[in-house]
Amino acid sequence: MSRILKLAQKEAERYQVNAGFRIEPSLPSFEVKAVSGQIVISAPDDIELLYGVYDFAEKFGGWSFFEPGRDQFIPELKRDIPADGILIPAKKPLLKRRGFIQEFPFNDETADLFDWMAKNKLNYLLTWMKYYDRLSDGLKQAAFDRGITIESGHHNFDYWIPGKEYCVEHPEFFAEIDGVRITPSGNTELLMSEQLCTTNPELRAEIVRRMVEYCRKHPEVKTISLIPNDGFGWCQCKECSKFYDEDKKGDFYSVSRHVYKADKIYHDLLQDVAAKLHKELPDVQLTFCAYVNYCAPSGGFKLNKAMAVHMAPYWRCINHALNDPSCPTNSSYLKDIQKWCACKNGGEVNIYEYYMGINFYLSLPMIHWEKMFREMRWYHDNNVDGVLTQFHIPHWSVYGMNYRMMAQAGRGEEETSSIRRMFVELFGKDADEAEKFYREIEKVMQNMGKCHIPYPRSIFRRTAITDFEYFNQLAKDLAAKDPESSFRKELVIWTEYMIRFKRLFDRINANEASVDEVDELLDWIHRYQDSRVFVHDRFDSYFEAIKEAIASGKRWLHFNLDWEDAYVAEHDHTL
């Protein structure tokens, strides 16, 4: 008996799912039926049997798996079971890959995360290589037992060719900018715009050598990546410059109009490295990213077998579905996705999403569940293989509903019933009032302008303090009806935070704010370390940038990156 099947049996006992198991390879997914009063879960494989246990526990047993580590039994949600008939029909998942992107180290919540992913039928986790290398064998096994593929990857030019190891003996491996080879900073947290001399044949050979060495050291890893360090900074040496067209810059929608397109030079590197890697390790998948100034496939590029692209609609509009042709930003990303799907030659296309609004949206509202379901259906119809999203557990009370609905939509669940069930699970008899609370927030976001790019200025510049005071009162009304609910208490904290941040924003915009006022707000936020509203280290980074701008007298727009602030300033008019 496999470890996965043993887990399925253990979980069936834990959640009081008195069922027999049956493997039926012809089924597209698990199926649950009653036969003469007995529950039978049939599935094509052991993972789907495990999913069947969790699905039955939720849909008939009264269990809610909304938050990692916080299962809830809700007796009112239990359903009577008929003596005979199909209770949950088999249905092929809408998307093959459904998962998370982890941009932080594994920690004491990781076991709960893997558990939640399986309960919500997510099967993929993309993490940085530096974090995977510190993942314990026990947690690796826990992921495997739950059908979760872990990709060791993300931005990793510096991982494959570490600057501190190579810059002295091989300065030619690093980008040449304005006639001078860069000296890598060694700042492994960001490495913004520090790239390699990607046309160098010896560098390419060294990347492949290190990849083979890594995979043989970690034989459980079957998916690795080759993704530039974040930002720009591509090499300008004579050979690399042959891949640039000075008349072809990036695009406004992808926040790269100020630099040359890097698609050709990046994809030339990828094709060469992939071919060499697969000669050595044909069963290892190489992934890469479509992002900023390399969003679309270059001419003639083929997405071959054992390759996968993670297409990132960075700074997408969240007021429109990604497949809404009326949205100028999203329609551009949509064309890029279509181009990637058109060049598939055995490879895969995944969407790299931001259902938490990128790291510096800072727990501000993001409510677009119906759009998610619409997007997932479009992805399925247009040959996209998967969807992954950035996430954090410490802000689950703000974005957990997005993660939950992403999982439901990617699996192919029905839209209206999935959303309604989520409200009933979380709010019981107050589900209608709770939905009004969220819809009022959504209404304000939709009415503040044609589009909304998820960063603080986009929302605060076009809203009034009274909007947030109204949200706060609705949250207080909900909390008063169930004072013991921690989730409702955190909605009050969340909406009060929005009031406080809006006030600070208005004072900064009027050139009246002080550094002390920023510290006061940050101190207030840090009072709620145990809540699931704030990712505190992200707030520390962002508010430090605000303080630097105030102290220097600089106009604060976003994160004090001049090129990024220029796009934000232009959005003041285009949004």
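Worth saying up front: this structure is predicted, and the values here are computed from it rather than measured.
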(request) Flag the pair Phe373 / Ser418 as yes when at least one side-chain heavy-atom distance between them is below 4.5 Å, and no otherwise. (result) yes
(message) Check for me whether the distance between the ring centres of Tyr403 and Phe100 falls short of 6.0 Å.
(response) yes
(request) Determine the minimum heavy-atom distance between Pro328 and Ser331, stating which atoms define it. (result) O-OG, 3.3 Å
(message) Rounded at 0.5 Å granularity, tell me how far CD1 in Ile177 sits from CD1 in Ile182.
(response) 6.5 Å
(message) Using side-chain heavy atoms (C-beta onward) and a distance below 4.5 Å, is Lys547 in contact with Glu517?
(response) no
(request) Flag the pair Glu151 / Ser225 as yes when at least one side-chain heavy-atom distance between them is below 4.5 Å, and no otherwise. (result) yes
(request) Kindly indicate whether the side chain of Pro456, heavy atoms from C-beta on, has any atom under 4.5 Å from the side chain of Phe505. (result) no
(message) Looking at Lys121 and Glu413, is any side-chain nitrogen of the basic one under 4.0 Å from a carboxylate oxygen of the acidic one?
(response) no
(request) Check the surroundings of atom CG in Asn107: do more than 12 heavy atoms from other residues, nucleotides or ligands lie under 6.0 Å from it? (result) yes
(message) Do the side chains of Lys554 and Asp562 get close enough for a salt bridge, i.e. N-O under 4.0 angstrom?
(response) yes
(message) Side chains of Ser193 and Asn229: any donor to acceptor distance under 3.5 Å?
(response) no
(message) Less than 3.5 Å apart, any donor N or O on the side chain of His368 or Asn319 sitting next to an acceptor on the other?
(response) no
(request) Please work out which of the three classes, parallel, tilted or perpendicular, describes the rings of Phe471 and Phe468, given edges at 30° and 60°. (result) perpendicular
(message) Are there over 12 heavy-atom neighbours, none belonging to Lys264, within less than 6.0 Å of that residue's NZ?
(response) no
(message) Centroid separation under 6.0 Å, is that true for the rings of Phe104 and Trp128?
(response) no
(request) Side-chain contact test, heavy atoms from C-beta onward, threshold under 4.5 Å: evaluate it for Leu95 versus Asp385 and give yes or no. (result) no
(message) Please tell me whether Phe288 and Trp340 form a close aromatic pair, meaning their ring centres lie under 6.0 Å apart.
(response) yes
(request) Decide yes or no for Met376 and Val387: does some side-chain heavy atom of the first lie under 4.5 Å from some side-chain heavy atom of the second? (result) yes
(message) If I compare all heavy atoms of Ala407 with all of Asn120, which pair ends up nearest, and what's the gap?
(response) CB-O, 3.5 Å
(request) Identify which one of Met307, His310, Gln285 satisfies the side-chain contact (heavy atoms from CB on, under 4.5 Å) criterion when paired with Glu348. (result) Gln285
(request) For a salt bridge (Lys or Arg N to Asp or Glu O under 4.0 Å) with Arg457, tell me which candidate from Asp572, Asp565, Asp506 qualifies. (result) Asp572
(request) Starting from the C-alpha separation in whole Å, work towards a yes-or-no answer on ring pair (Phe, Tyr, Trp, His ring centres under 6.0 Å) for Tyr294 and His267. (result) CA-CA 9 Å; Tyr294 43 96; His267 299 156; 7.5 Å; no
(message) I'd like to know whether CZ of Phe360 has more than 12 heavy-atom contacts from other residues, nucleotides or ligands below 6.0 angstrom.
(response) yes
(request) Decide yes or no for Pro313 and Tyr253: does some side-chain heavy atom of the first lie under 4.5 Å from some side-chain heavy atom of the second? (result) no
(request) From the options Leu364, Ile465, Asp467, Thr466, select the one residue that forms a side-chain contact (heavy atoms from CB on, under 4.5 Å) with Lys502. (result) Ile465
(request) Using distance alone, with no hydrogens and no angle criterion, decide if Glu425 and Ser64 have a side-chain donor and acceptor under 3.5 Å apart. (result) yes
(request) Determine the interplanar angle of the Trp369 and Phe423 rings, folded into 0 to 90°, and report it as parallel if under 30°, tilted if 30 to 60°, perpendicular if over 60°. (result) perpendicular
(request) For ring pair (Phe, Tyr, Trp, His ring centres under 6.0 Å), just list the numbers for Phe534 and His392, CA-CA rounded to whole Å, side-chain angles, deciding distance to a tenth of an Å, and then say yes or no. (result) CA-CA 9 Å; Phe534 308 112; His392 293 277; over 10 Å; no
(request) Determine the interplanar angle of the Tyr214 and His218 rings, folded into 0 to 90°, and report it as parallel if under 30°, tilted if 30 to 60°, perpendicular if over 60°. (result) tilted
(message) Assess whether a salt bridge exists between Asp324 and Arg374, defined as any Lys/Arg side-chain N lying under 4.0 Å from an Asp/Glu carboxylate O.
(response) no
(message) Looking at Glu353 and Arg97, is any side-chain nitrogen of the basic one under 4.0 Å from a carboxylate oxygen of the acidic one?
(response) no
(message) Please find the pair of heavy atoms, one from Glu440 and one from Lys443, that lie closest to each other, and give the distance.
(response) OE2-NZ, 3.1 Å
(request) For the residue pair Thr127 and Gln102, confirm or rule out a side-chain donor-acceptor distance under 3.5 Å. (result) no
(message) Does Lys450, at its NZ atom, have more than 12 non-hydrogen atoms belonging to other residues, nucleotides or ligands within less than 6.0 Å?
(response) yes
(message) Is there a side-chain contact between Phe174 and Cys197 in this structure, where contact means two heavy atoms from C-beta onward sitting under 4.5 Å apart?
(response) no
(request) Identify the heavy atoms of Thr287 and Ile227 that sit nearest to each other, and give their distance. (result) O-CG1, 4.5 Å
(request) Examine Tyr352 together with Tyr354 and report whether their ring centres are nearer than 6.0 Å. (result) yes
(request) Determine, using ring centers only, whether Phe391 and Tyr355 are less than 6.0 Å apart. (result) no
(message) Salt bridge check, Glu544 against Arg538: does any charged N sit closer than 4.0 Å to a carboxylate O?
(response) no
(message) What I want to find out is whether Arg532 reaches Glu490 closely enough, with some N-O distance under 4.0 Å, to be called a salt bridge.
(response) no
(request) Looking only at non-hydrogen atoms, find the nearest pair between Phe437 and Leu474 and report the distance. (result) CD1-CB, 3.6 Å
(request) Take the angle between the ring planes of Tyr266 and Trp234 and call it parallel below 30°, perpendicular above 60°, tilted in between. (result) tilted
(request) Please identify each residue that fulfils side-chain contact (heavy atoms from CB on, under 4.5 Å) with Ser485, with sequence neighbours left out. (result) Asp482, Phe487, Arg488
(request) Say whether Tyr291 and Asp230, considering side chains only, have a donor N or O and an acceptor N or O under 3.5 Å apart. (result) yes
(request) Give a yes-or-no answer on whether the side chains of His154 and Tyr131 include a donor-acceptor pair shorter than 3.5 Å. (result) no
(request) Begin with the C-alpha distance, continue with both residues' side-chain angles, and end with the deciding distance and a verdict on ring pair (Phe, Tyr, Trp, His ring centres under 6.0 Å) for His258 and Tyr567. (result) CA-CA 10 Å; His258 62 295; Tyr567 290 90; 5.7 Å; yes
(message) Strictly below 4.0 Å, N to O, side chains only: are Arg500 and Glu496 in salt-bridge contact?
(response) yes
(request) Kindly say whether the aromatic ring centers of Phe539 and Tyr497 come within a distance under 6.0 Å. (result) yes
(request) Report yes or no: do Asp263 and Ser298 form a side-chain donor-acceptor pair below 3.5 Å? (result) no
(request) Go through the steps for His395 and Ser363 under the test side-chain hydrogen bond (donor to acceptor under 3.5 Å, both in side chains), then give the verdict. (result) CA-CA 7 Å; His395 63 196; Ser363 295; 4.5 Å; no
(request) Tell me whether the centres of the aromatic rings in His536 and Phe543 are closer together than 6.0 Å. (result) no
(request) Among Tyr542, Tyr361, Phe460, find the one that has a ring pair (Phe, Tyr, Trp, His ring centres under 6.0 Å) with His558. (result) Tyr542
(message) Quiz question: by atom type and distance under 3.5 Å, do the side chains of Glu103 and Gln390 form a donor-acceptor pair?
(response) yes
(request) Considering only NZ, NE, NH1 and NH2 on the basic side and carboxylate oxygens on the acidic side, decide whether Arg210 and Glu165 come within less than 4.0 Å. (result) yes
(request) Check Leu388 against Arg98 and note the closest heavy-atom contact, atom names and distance. (result) CD2-C, 4.4 Å
(message) Would Lys119 pass as a cation-pi partner of Trp116, given that its NZ or CZ must be under 6.0 Å from the six-membered ring centre and within 45 degrees of the axis?
(response) no
(request) Considering only NZ, NE, NH1 and NH2 on the basic side and carboxylate oxygens on the acidic side, decide whether Asp251 and Lys261 come within less than 4.0 Å. (result) yes
(request) State, without any angle test, whether Gln338 and Asn382 hold a side-chain donor-acceptor pair at a distance under 3.5 Å. (result) no
